[in-house]
Structure formats: structure tokens, C-alpha cells
Amino acid sequence: MKIFLAGATGALGSKLVPQLVARGHEVVGMTRSASKQDLVRSLGARPVVADALDPDAVAQAVASAEPEVIVHQLTALSGPMSVRDARHPDRSAAARMTNRLRTEATDHLLAAGRAVGARRVVAQSFGAFRFARTGGPVLTEADPLDPNPPGALRAVQEGYHYLERAVTAIEWGEGLALRYGGFYGPGTSLSLAPDAVMAAAVRKRRLPIVGNGAGVWSHLHIEDAAAATVVAIERGEPGVYNIVDDEPVPMREWLPMVASALDAKPPRRIPRWLGRLAAGEMATVMMTEVRGASNAKAKRELGWQPRYASWRQGLAQGLG
Ligand SMILES: NC(=O)c1ccc[n+]([C@@H]2O[C@H](COP(=O)([O-])OP(=O)(O)OC[C@H]3O[C@@H](n4cnc5c(N)ncnc54)[C@H](OP(=O)(O)O)[C@@H]3O)[C@@H](O)[C@H]2O)c1
């Protein structure tokens with residue numbers, strides 16, 4: 001198939017292009033920077049330079065590719081994150097830009113896809129921290145989302161909702177939104193690379209277990225994220241899919257294992273009141289109350305299986 005990939009140079013996009021090419025697909029990869037065209041070529045795609053926030057540039061780029069499938073993997077999340085950003089993602093430049101990419105850029109890509117007669121759209125959403133904080137520890141796509149998220153998460157959540165609604169509602173084609181788990185592995189914020197932001201926070205013991213550490217997170221190796229995306233490009237009914245590994249896990253169990261995989265000291269433990277004071281309400285909720293995601297639908301309907309079925313195996317063998 002002919003595939004237009006917005007975000008070809010990103011943590012996920014750069015893993016996705018070679019997997020698509022290996023499956024015999026023809027990929028046009030979009031980047032903002034003329035200087036990254038060689039990178040896109042080296043991955044196996046034809047580069048096209050356009051700013052995702054410029055509707056005319058996007059329309060032109062998509063028209064030049066005449067794709068059957070449009071893939072949206074645009075975020076602005078890979079840079080460094082300050083404590084202030086972590087406390088108030090709604091106020092951080094990266095999150096604001098990411099919200100624009102999830103709303104405005106989604107609209108531009110959909111308009112461009114419709115104009116050229118594309119028949120399928122696959123877009124990056126995110127699964128963790130979004131479910132209602134009621135019911136069991138692991139929830140499905142049919143379960144309700146948090147009607148009352150912490151204030152600092154509200155705008156971020158609205159960005160996801162917008163993207164999912166827009167993509168899955170298209171009438172001129174099939175739209176799939178993939179709610180990935182927290183990425184780890186080469187090129188992500190949790191890897192062995194010296195600039196990996198989350199790994200650095202764990203090494204410096206800046207990511208403590210707050211309160212009972214019962215917040216359940218779902219994780220996903222970046223190669224598995226790419227492999228699931230290939231499957232969603234090739235088959236599956238329109239809709240939302242959780243793309244996560246088989247083992248949602250409470251923070252109190254996962255974080256010490258991450259520290260050990262990084263040869264770091266174990267995380268500190270701090271009481272909930274101190275977590276709220278030091279890191280804010282959002283981080284405290286994420287550490288103590290959030291629910292994990294089930295991948296049963298993706299397995300059943302897409303026939304996808306994560307290679308790193310458990311983060312345990314991924315941390316041991318897949319950090320890069
Ligand atoms: N995805 C999440 O929800 C999430 C949450 C927390 C942390 N993280 C971390 O953040 C990273 C995210 O990985 P990712 O693959 O989602 O994103 P990424 O590595 O930041 O890649 C973003 C992609 O979007 C493109 N892009 C951004 N703005 C653009 C614009 N205006 N016009 C055209 N292209 C634009 C970039 O292209 P150019 O730069 O080539 O223009 C790049 O290809 C990982 O390290 C992950 O661990 C992710």
C-alpha cells in the first residue's frame with residue numbers, strides 16, 4: 001500500500017518506517033526539517049517537508065503522495081521535561097504544541113486525506129491515565145473515561161478525545177485510534193541512552209513511589225508499538241484500540257524494577273501528602289489511583305501479539 005506517515009522521524013515513526021517497508025509498503029514520510037530528509041530516506045521512505053500546522057503545506061504533501069492510508073504520529077513530547085512541566089503539563093510548551101498536533105494537525109491531515117481519496121487513517125492516541133478511577137485495576141475500551149481528571153490533565157485529555165472522535169468518525173474511510181501504553185525502549189524517554197528523560201529521573205531518584213503506589217500503568221515496548229501500528233494499517237475495523245502489553249502493573253512494583261534495570265538505587269518512598277505537596281495532584285493521582293488498560297480487543301480483532309508481552313522481559317532485554 002501507499003502510506004503517508006506524519007511523524008516519520010519520531011520515536012515511533014522511525015521504528016515504523018522500516019517495518020512497513022519490510023512488509024512491501026511504499027512510505028512517504030513527513031518532517032518539518034529539510035535537514036531530516038536524509039534520515040527519512042535512510043529509514044526507507046521518501047521524505048516530504050511540511051509543517052503539520054500549515055493546512056496548505058499538508059494538503060500539498062499528502063497530494064504528492066496519493067496515499068491509501070494516512071498515519072498520524074505527531075507529538076512534541078520527546079524533549080526534556082522540567083519539574084514544572086511534569087506538575088502542570090497543561091502549561092508546558094510541549095504539551096500545548098502536542099495538543100495542537102492532536103487537534104489542528106489532525107483536521108489538516110483528515111481534510112487532505114479526504115481530498116485525495118485515502119481510505120484509511122491510523123492515529124496515535126494514548127491509553128494510560130485516562131480511565132475513570134472506579135472499578136477494577138484493568139479496564140477496556142468499553143469502560144468510561146475519567147469524567148473528572150485532575151485539573152492539570154484536563155487539556156491533555158481533551159486533546160486525546162478530540163483526536164479519537166475526529167479520526168473514528170470519518171465517513172469517507174476507516175479511522176482507527178491507537179491508545180498506546182507508556183513507551184519504553186530505544187529512542188524513548190525510558191532507554192539506556194544518556195538523554196533519556198525518564199531514565200535520568202529514575203537514576204537521580206527523582207521519581208519516588210507515592211503513597212501506596214497502587215496506580216496501575218500499562219506499558220509498551222516501542223518496537224511493539226510500531227508492529228501494532230503496521231497491523232492496524234493493514235486490517236481491523238474502525239474504532240479505538242488499547243495497544244499495551246499483557247501485564248498492567250502498579251507503580252510500586254514497576255518502578256523498583258526499572259531502577260534495577262538501569263543499575264540505579266531503588267526509588268524513594270514518600271507519603272501521599274508529601275507527593276501532593278512536592279509533585280502536585282496530577283502526579284499523585286497517577287501514582288496512586290489510575291487504572292491500567294486491557295489489550296484483549298487488539299489481540300482479538302487485530303490479531304496482534306506484543307513481542308515483549310511483559311515489561312519485565314522488555315526491561316531486561318529491550319532497553320537498547
Ligand atoms: N506519546 C506519548 O503520549 C508520550 C508521553 C510521554 C512521553 N513520551 C515520550 O516522548 C517521545 C514521543 O515519541 P513520539 O514518536 O510520539 O514523538 P517524537 O519522537 O517527539 O516525534 C514526533 C514526530 O512528530 C513530528 N512533528 C512534530 N511537530 C511537527 C510539525 N509541526 N510538523 C511536522 N512534523 C512534526 C516530528 O517530526 P520532525 O521533528 O522531523 O519535524 C517527529 O517525527 C518518546 O520518547 C516517549 O517516550 C511520549
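Just so it is clear, the model here is predicted, and its values are computed rather than measured. First listed ligand is number 1; within each ligand, the first listed atom is number 1. Starting from 1, each residue takes its place in the sequence as its number.
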Show your working on salt bridge (Lys or Arg N to Asp or Glu O under 4.0 Å) between Glu281 and Arg276 and close with a plain yes or no. CA-CA 5 Å; Glu281 175 66 9; Arg276 188 173 278 128; 2.6 Å; yes

Do me a favour and list the nearest non-hydrogen protein atom to atom 1 (N) of ligand 1 with residue, atom name and distance? Gln124 OE1, 2.7 Å

Taking only non-hydrogen atoms of Leu101 and a 4.0 Å limit, the atoms of ligand 1 in range are 27 (C), 28 (N), 31 (N)

Answer side chain, backbone, both or neither: which part of Arg102 comes under 4.0 Å from ligand 1, heavy atoms only. side chain

Does a donor on one side chain sit under 3.5 Å from an acceptor on the other, for Asn295 and Asp245? no

Under-4.0 Å heavy-atom contact with ligand 1, by part of Ala105 that carries it: neither

Mind checking whether His219 and Trp254 have parallel, tilted or perpendicular rings, split at 30° and 60°? parallel

Heavy-atom closest contact (Leu163 atom, Ala123 atom, distance): CD2-CB, 3.9 Å

On the 0 to 90° scale, with breaks at 30° and 60°, tag the Phe183-Tyr180 ring pair as parallel, tilted or perpendicular. tilted

Contact with ligand 1 for Ala8, non-hydrogen, under 4.0 angstrom: yes

Which residue and atom name correspond to the protein heavy atom nearest atom 28 (N) of ligand 1, and how close is it? Arg32 CZ, 3.4 Å

Audit row: Glu66, Lys2, salt bridge (Lys or Arg N to Asp or Glu O under 4.0 Å) steps and yes/no: CA-CA 7 Å; Glu66 299 183 318; Lys2 282 176 152 183; 3.7 Å; yes

With atoms numbered from 1 as shown, which atoms in ligand 1 lie under 4.0 angstrom from a non-hydrogen atom of Thr188? 44 (C), 45 (O), 47 (O)

Ligand 1 and Ala11, any nitrogen or oxygen pair closer than 3.5 angstrom? yes

Polar atom proximity, Gly10 to ligand 1 (N or O, under 3.5 Å): yes

Surrounding CZ of Arg235 (heavy atoms of other residues, nucleotides or ligands, distance under 6.0 Å), is the total greater than 12? yes

Check the surroundings of atom CH2 in Trp273: do more than 12 heavy atoms from other residues, nucleotides or ligands lie under 6.0 Å from it? no

Within the 4.0 Å heavy-atom shell around Phe126, which atoms of ligand 1 are there? 3 (O)

So with a 6.0 Å cut-off around CD of Gln60, is the heavy-atom count from everything else above 12? no

How far is atom 20 (O) of ligand 1 from the closest protein heavy atom, and which atom is that? Ser78 OG, 2.9 Å

So the atoms of ligand 1 within less than 4.0 Å of a heavy atom of Gly187 turn out to be 45 (O)

Taking the ring centre of each residue, are Tyr241 and Trp304 less than 6.0 Å apart? no

Heavy-atom nearest neighbour in the protein, as seen from atom 6 (C) of ligand 1, with distance rounded to 0.1 Å: Leu77 CD1, 4.3 Å

Quick one: does Met198 get within less than 4.0 Å of ligand 1, heavy atoms only? no

Starting from atom 31 (N) of ligand 1, locate the nearest protein heavy atom and write down its residue, its atom name and how far away it is, to 0.1 Å. Asp51 OD1, 3.0 Å

For Met30, atoms of ligand 1 separated by under 4.0 Å from a heavy atom: 33 (C)

Compute the minimum heavy-atom distance from His72 to ligand 1 and say whether it is under 4.0 Å. no

Please tell me whether Asp107 and Tyr162 have a donor and an acceptor in their side chains that are separated by less than 3.5 angstrom. yes

Taking distance alone, with N or O pairs closer than 3.5 Å, would you say Lys36 contacts ligand 1? yes

At a 4.0 Å threshold, what atoms of ligand 1 neighbour a non-hydrogen atom of Leu12? 15 (O)

Option of least heavy-atom distance to atom 40 (O) of ligand 1 (set: Thr9, Val40, Leu53): Thr9

Report the nearest protein non-hydrogen atom to atom 25 (C) of ligand 1: residue, atom name, distance rounded to 0.1 Å. Leu74 CD2, 3.7 Å

Using a 4.0 Å cut-off to any heavy atom of Thr31, which atoms of ligand 1 qualify? 38 (P), 40 (O), 41 (O)

Just distances here: any N/O of Ala52 and N/O of ligand 1 closer than 3.5 Å? yes

Donor-acceptor pair, Glu247 side chain versus Ala309 backbone, under 3.5 Å? no

Evaluate the side-chain proximity of His161 to Leu145: yes if any heavy-atom separation is below 4.5 Å, no if none is. yes

Heavy atoms of other groups near Arg272 CZ, more than 12 under 6.0 Å: yes

Quick one: does Ala50 get within less than 4.0 Å of ligand 1, heavy atoms only? yes

Please classify the Met97 to ligand 1 contact at 4.0 Å (heavy-atom distances, strictly less than): side chain, backbone, both or neither. neither

Distance from atom 14 (P) of ligand 1 to nearest protein heavy atom, with residue and atom: Thr75 OG1, 3.7 Å

Qualifying salt bridge (charged side-chain N to carboxylate O under 4.0 Å, His left out) pairs, either residue in residues 112-132, two or more places apart: Arg120-Glu174, Arg130-Glu164

